[in-house]
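Being a predicted model, the structure only gives us computed values, none of them experimental.
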Amino acid sequence: MKLLLDTHVLLWAAAEPARLPRNVQALLASHDNELLFSVVSLWEVAIKSALGRADFRVDAGVLRRGLIDNGYLELPVVGAHALALAILPPLHRDPFDRMLVAQAQVEGIVLLTADPLVAAYPGPIRRV
């Protein structure tokens, strides 16, 4: 199964895996699953880190290198993802989360999120 991690789940998986439920840790450790991160998450980390947000104190470049070194695949943003935003219901206002939802829907990838608003979207989204 292909799994796309939202930004917070991605940060927890990279730096604080104990924050994730055991079943999610098992999903991430399973060689049967393909793990992906979106460039949207790197963008979010870079912006919020530069703003001094305490929950985003990580270098986006170091994060990216670590993810790639650990077998994660990078998901770029393409036009179809941007167009999918137009049909998303207005459940969530965060542009980063909305793009992650659009990417998951377009690509048919399961999005893992801890955010109940993101999890309310239709499609391949699983709340952790």
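Results of the side chain to side chain contact (heavy atoms under 4.5 Å, CB included) test with L36 over L4, L5, L111 single out L4 as the only residue that passes. Considering L83, L88, I87 in turn, L88 is the only one that fulfils the side chain to side chain contact (heavy atoms under 4.5 Å, CB included) rule with L85.
One hydrophobic cluster holds both L28 and L11 under the rule that ILVMFWY side chains link at heavy-atom gaps under 4.5 Å. If you chain together hydrophobic residues whose side chains sit under 4.5 Å apart, L42 and I47 never meet in one group.
Shown here for L27 and N33, the closest heavy-atom pair between the two residues is O-ND2, 2.9 Å. Taking each heavy atom of A102 and H81 in turn, the nearest pair found is CB-O, 3.6 Å. In terms of heavy atoms, S41 sits closest to T7 at OG-OG1, 2.8 Å. Closest non-hydrogen pair, A104 versus P124, comes out as O-CG, 3.5 Å. Heavy-atom minimum distance, L91 versus Y121: N-OH, 3.4 Å. When all heavy atoms are compared, the tightest approach of S38 to Q103 is OG-OE1, 2.6 Å.
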*Go through D94 and R98 one step at a time and tell me if the salt bridge (charged side-chain N to carboxylate O under 4.0 Å, His left out) criterion holds.*
CA-CA 6 Å; D94 184 289; R98 289 177 58 80; over 6 Å; no

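Looking at I125 and V110, their side chains never come closer than 4.5 Å, going by heavy atoms from C-beta outward.
Between H8 and F56, the distance from one ring center to the other falls under 6.0 angstrom.
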